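Data first, discussion second: the structure below is written as structure tokens.
All of these numbers come straight from a predicted model, not from anything done at the bench. Values below: every heavy atom of this structure, side chains too, minus hydrogens, waters and symmetry copies. Throughout, protein chains are lettered first and strands after them, A, B, ... in sequence-line order, and every chain is numbered starting at 1.
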Amino acid sequence: GGNGATETPETPETQAPETTAEPFVFGMILVGPQDDRGWSQAHFEGGKYVEEKMGAQMIVIDKVNPADRPDTSVEQVVDQMVEQGAQLIFATSDDMKDGILAAAKAYPDVPMIWSSGDSAWDIGKAYAGLPNLGNIMGQMEYGKMMAGCAAALKTETGSIGYLGPLINDETRRLTNSAYLGARYCYENYRGLNPDDLTFSVNWIGFWFNIPGVTLDPTQVTNDFFDGGADVVISGIDTTEALVRAGQRSAAGEKVWAVPYDYRGACAEAPEVCLGVPYFNWGPSYLEVARSVADGTFEATFQWVGPDWSDINNPDTSAIGFEFGEGLGDARADLEDFIAGLASGEIDLWVGPLNYQDGTPFLAAGEKATDLQIWYMPQLLEGMIGASSAE
Amino acid sequence: MEATIASIVAAAAPLVFAAVGETITEKAGVVNLSLDGSIALSAMASFAVAFLTGSVVLGFAVGAILSALVAMLVAFSGIRLRLNQVAVGFVLTLLLAALAQFLGNPFVRQPGPSVRPMSVPLLSEIPFVGRILFAQNISVYASLVLIVVVAWVFRRTRVGLELAAVGERPEAAHARGISVSRYRFGAAAVGGALVGIAGAAFSLDVKLGWSDTQVAGFGWIALAIVIFGGWRPVWVALGCYLFGALQVLALKLQPVFPGVAQILPSLPFPLMIFTLVVVNSDRLQRLGERFPFLGRLLMSDAPAALGTNFEV
Amino acid sequence: MKRALRAVPAVWSVLAALVVSVGLLALAGAPPFEALVLVLDGAVGDGGRMADTLMSWVPLTLASAGLVVTFVAGLWNIGVEGQVIAGAIGATWAARTIPGDGLVVIPAALAVGVVAGAVWALAAGVLKTRGGVNEIFGGLGLGFVAQSVATYLIIGPWKRAGIASTSGTEPFREEVWLPTVGGTRLSPVAVLLAVAVIFLVWALLRGTRFGLRLKAVGANPASARLLGVPTEATVLRAFALGGGLAGLAGAVLATGIQHKLVPAIAGGRGFLAILVVLLAAYRIVWVAPIALFFAILSVGSAQLQLRLDLDSSIGGVLQGILVLFVILIGGWQALYRRGEP
Amino acid sequence: MLELRGITKRFGSVVANDGIDLDVPPGSLHAVLGENGAGKSTLMKILSGFLSPDAGRIRLDGREVPTGSPRAALQAGIGMLHQDPLVCLPFTALDNFVLGRRGRIDRAAARREFGELCARLDFDIDPDVRARALSVGERQQLEIVRLLSLGVKVLILDEPTSGISSEQRTKLFAALRTLAADGLIVLFVSHKLEEVEELCDRVTVIRSGKVVGERTLPCPADELVELMFGEVVVSSERPVVEIGSPALRVGGLAAGGGRQRIADVSMEVRAGEVVGLAGLEGSGQRTLLRVLAGLEPVRSGTVEIAGRRVDGSSYEHFVAAGVHYLPAGRLEEGLVPGLTIAEHLTLAARLPEWVVDWEAARIRAEEAIEHFRIKGGPDTPADALSGGNQQRLLLAMMPKDLRVLLMEHPTRGLDIESADYVWSRLLARRESGTAIVFSSADLDELVGYADRVVVFFSGRVLADLAAAELTADRLGTLIGGKVAS
Ligand SMILES: Nc1ncnc2c1ncn2[C@@H]1O[C@H](COP(=O)(O)OP(=O)(O)OP(=O)(O)O)[C@@H](O)[C@H]1O
Ligand SMILES: Nc1ncnc2c1ncn2[C@@H]1O[C@H](COP(=O)(O)OP(=O)(O)OP(=O)(O)O)[C@@H](O)[C@H]1O
Ligand SMILES: [Mg+2]
Ligand SMILES: [Mg+2]
């Protein structure tokens, strides 16, 4: 539940008289259901983490999107959270951009965080310069590289499918990361020619299936497998890829899948799950909440990477990768790959790299800047699939 | 190729249950518009039951019973209360979808039990057909058997003939001693149960687990396919497979037309509408009149008494 | 007293719906009375909330008024959702491309929205009259298409600078937003539009030959044709009018509420409008209060989660139960009046 | 022995059957006579279990027959041919034949039985043709054959002779006599006296839901008429009207498709002339009327109204040229259920006004109600009017100045009194130069009201004769397709 009052140890009886009687209150606006075992639940658990560590109180509202709550806008929610005493507000979806910008202007004294956005990035394309609105985003690019690597380590047919949601900068950069990871591991651990690796992307059209509007991810996954792929990496919010892989494996096929977003995602079909890259928002959220509480908040753009000393440390790492049972013997190679990323020995955003249409992206030896990675205009050369929706 | 067809057949199983079930109900003259909500509720309840008890069979049973009750409520409001079935069905659609979401919260995206694959030995070895028809699971087999059985019942049996008469001209059925309301309740119950099985097949076979976004919309698609298939079970089933096949086509077209990749998924609808327009075109109609066999193949009207309430 | 209650099925239905709702709320572990008060407070508790509720009422009312027109003509126009989306797309196009200040662009955007909604509905209409495609099938299909066109435009040609995403198109220039008053989100223009439309539809159905023709075509197209009603044209006009009003709802959503195009811009209002019209038994005068009641439930139910940590799908459950009970109890009472228990 | 005791049935405030007693011995051909709305069909529907009575009992051969169950009635041996034959239109004749039987369906055996029964009664129905393509007469035959195959002991026929030729009628009557000779009870419902006299040996007359008399036939017609109507009706005299210039001319017309096809139809109708279209149901009369009304396209040939070609124009053009069409199905194609009398008249007035002046409309409605003696008010919905009053409303909706009036079965289902009234209004129109073309299955109506009768057979004109030269009998043979006799 979102009403943290009962779980807060700081009830008036136990509290020392000199500390403030009121707990720190923050609002959490989620785009999907708070228990979606995906994106929204990860944020929700980040909020829980803050509640626990700070004795704070979270006001949460989920499914804030025009489809689920046509009459509840981000601005309305912020009005009500502020009224309920929220001192910090998290808007946790890319989709909340306009609402949270308007709300930040309306309440200049209330610090807010827009996760996954770029409004506080002074060199970004959409810098808004609002002193009370910061951004936090995890560097899932690393997670996706690990996902791609795991897929390349297991594939026997040399063919990997990527189940894409919709086509935009973010999804392109994550898909490209997976491809780079797959190429590297195919070449360096399997000793095979990465140009022989088939990496196909199919976009269903949205973050989840809307029958009649999007492609059915179940069908897309089937089609990948029927077309010769034996690993499907999921980029969507739901777990059809893993579910289908589990069912087909039970029917005797040798297939695997890599889900996305949520640490527990492998549970639906553990034996075919190669692992899952996930977000861990808690540490970053706690840090920002503390800065608000002690008055040192600054609106910054934070693109937070894994804690390379232990990517799965819940108290320090923003991005993790949970190894799956399906990985088997390949786990050692994947661990080696992660160590390489950690040490900086492996840097995949280095040229020569071309875009899908053959135009150069990075010259030989050139390293991509954060801006180039964030605003990725195309898929990379060698990938099969649509690059843009125009 | 056969792998793709096999996948389409498997993924379409729930749609087949729902659309063929609704065909049975509508054949008797009752229109159960509540499919979209019914499927959601049954998908949720079936999964919840299977999750709590570990029994997939029990899950299917509960789903079937729930949707049968919903369909009976629609039939009751038409037969006994003389209400507009479309209106009642529509309200139920929205209500049940919300109810499924509300009651299903504890089960959202929980991993749970599911239908196991079950190849038929020997038969699955037959080239082409084996892979499509005999290397599936029991829910897919059931969907295939259902098509054959319902088509046979409609065509060959007394029950099928009487069912059609009840939906076509209830007075004629009544005058012949056929109980119109018993058939209508029966068709609603059987059709509704199949709709419930569709919901269960979503959450226990095809999609696995419960979340409201997973099934929302399929009920409307099933209703549309019943019209598309002209209230004939085999054509309705083919409509379900066509819907899947068109999705695969849209998928294949994505790299060819990257610019419109984002709208290709809705291709099945324009194409199905186009097909209906062609079938209904004057020229084909005239051909159908000239060649009765072709006419029977292409054209099929709605049961004349569909959605009306029978009073003697 | 007994007779009075019988005459007003709504009283029984509301009571019954209330009992079931209280039961459900109790089942969910919430104090039912407090929950209802919270919903009411969340919807009309202060000026700002009332403004939000009214702004939610406007598009629902517009779409419902359009539906009354098509329902009276006997057309199951299930495709309203798609027509609302089409209207929003049209208005967005106008707001993005037509130069000039608000006085020019806003009326233009609303007009283009009306036209787009009308065209989308006409497509279903022509498919029905010329193509022999049942309007339920055509409307649903076109609804799915409209939805995916909207997503395509948002991700593709109309993607915003920076990160292209489902957050919608770039917001329109502020001067082409429907003007608001008193620091709230209330747009008097939108409210006036809705009131005017209610009145117009009422007058149309009551006092014009066109209204009479709609009724005739709805009740018996064959007779209507012999009586000199151009049935096909009347059906198409009904679709165009109904779709135009749905399109206007979409245009208001785009220019007055979202200030941009988002993928789920219709947000199920097209479907909700069908509930409104069913509950109103196709009578236009009842549409306004019922839509207001729905808007209150919809806006206020956010409180259930903010304050009571309740899943807000309960709002949809309450709406559905209410309408179902009104319809069922109405049928039951009619049965008693006919003297067959 | 069939015994009915105290059969009572109410519809709202209407008492359709009011304590009816009836005894019919086996082997009788028993007629039930009565004016429109007398309660004949209601009584028969109760007897066949189609309707449940509010009170009353039925016994057959001393055994109680449970009421309100068609199945029980059929099991007891009571079967009914409804006024509008209850067949499923998209089903084949054979499927209709087997529909309602218990047990497994054996189409091969059923086909044999169907063929035998048809042969015995001299009916000719293709078992594989869809009922939609059968004429009303053929649908009746199909139903009779079906009921006989079920072994009924009581065969009810509700107005079975509308829509069949006199030859077919002779055949039917012969068959019914055979059946009665075999011990069957035949209950024959009609308001046609001569048929009753020809076929039956006893008659029960019903008025306002009550049995008002029972007679053994033959019996003076005047007596029966007085029993039916309570008073003796006198036919109104036909006004003599001078026939004018051609109002309607048809040349080499071909239209329609399938069984409704017509070919090579040429005729001329002059102002003030009344032309009757005769023929078996589905011989082309309906198609011709609908083509002349502008409701169906012309395949080839010409249609002229007052000398101007109108073929190929829209329905609205025909209307503008002064054509009006009165369809057979009153509530199906004529009136709009739910719309009131005032609303109907407003729609029919085709006034150009956009905003309706409801005050004026009500006044217009009041006038029409008085003028046409409609039992109802301006706000009475059309579906709440009785059949006769619906017909009167249709008449009231006719435009004032008409060149051509087209009608299908203008008095089908009306009693003599109502029919007479309707015709008096129609014939009055001739004075303003209106040409009338009507189709009818009632030969007496054709001979009695038309100046000229055009006989159709299989979509072609078989004969075009002055009514003066005709008798109903001669017309009957022509309809059967025989020119010389
Ligand atoms: N289903 C019904 N609902 C209401 N009233 C009915 C119904 N059926 C018959 N009636 C009324 O009952 C009365 C008797 O009707 P019935 O059909 O038995 O007459 P009928 O003698 O067969 O007349 P006709 O010669 O016109 O066929 C009429 O007043 C009729 O309006
Ligand atoms: N569906 C209905 N709803 C309301 N009233 C009806 C309905 N059907 C018939 N009535 C009323 O019942 C009465 C008897 O109607 P019925 O059809 O029996 O007349 P009828 O005796 O057959 O007259 P007609 O000779 O004109 O056909 C009329 O006053 C009519 O208005
Ligand atoms: Mg009558
Ligand atoms: Mg009768």
Heavy atoms only: give me the nearest [X]-[Y] pair and the separation to one decimal.
| X | Y | result |
| --- | --- | --- |
| A:Arg69 | C:Ala302 | NH1-CA, 3.7 Å |
| C:Ala264 | A:Pro66 | O-CB, 3.5 Å |
| C:Ile155 | A:Ile167 | CG2-O, 2.7 Å |
| A:Gln76 | C:Asp52 | CG-OD2, 3.0 Å |

*Passes side-chain contact (heavy atoms from CB on, under 4.5 Å), A:Asp79 versus C:Arg185? Steps please.*
CA-CA 12 Å; A:Asp79 284 350; C:Arg185 288 177 280 266; 2.9 Å; yes

Portion of [X] that has a non-hydrogen atom of chain C nearer than 4.5 angstrom:
| X | result |
| --- | --- |
| A:Met376 | neither |
| A:Glu75 | both |
| A:Asp62 | both |

*Atom pair CE/OG of C:Met55 and A:Ser73 - distance to nearest 0.5 Å*: 11.0 Å

*If you round to the nearest 0.5 Å, how far is CG of A:Leu166 from CD1 of C:Ile154?*
10.0 Å

_Choice from A:Val31, A:Asp71, A:Val64 maximising heavy atom contacts with chain C below 4.5 Å_ = A:Asp71

*Is a side-chain N or O of A:Gln80 found less than 3.5 angstrom from the main chain of C:Gln303, in a donor-acceptor match?*
no

*Can C:Arg160 and A:Asp98 be said to form a side-chain contact (heavy atoms from CB on, under 4.5 Å), step by step?*
CA-CA 12 Å; C:Arg160 60 203 302 174; A:Asp98 301 311; 2.7 Å; yes

*Basic-acidic side-chain contact under 4.0 Å: C:Glu170, A:Lys125*: no

*Output, in order, the C-alpha distance, side-chain angles, deciding distance and verdict of side-chain contact (heavy atoms from CB on, under 4.5 Å) for A:Gln84 and C:Leu306.*
CA-CA 9 Å; A:Gln84 279 181 258; C:Leu306 281 168; 3.8 Å; yes

*asked:* Please classify the contact between C:Ser298 and chain A as side chain, backbone, both or neither, with a heavy-atom cut-off of under 4.5 Å.
replied: both

*In terms of heavy-atom proximity below 4.5 Å to chain A, should C:Val299 be classed as side chain, backbone, both, or neither?*
both

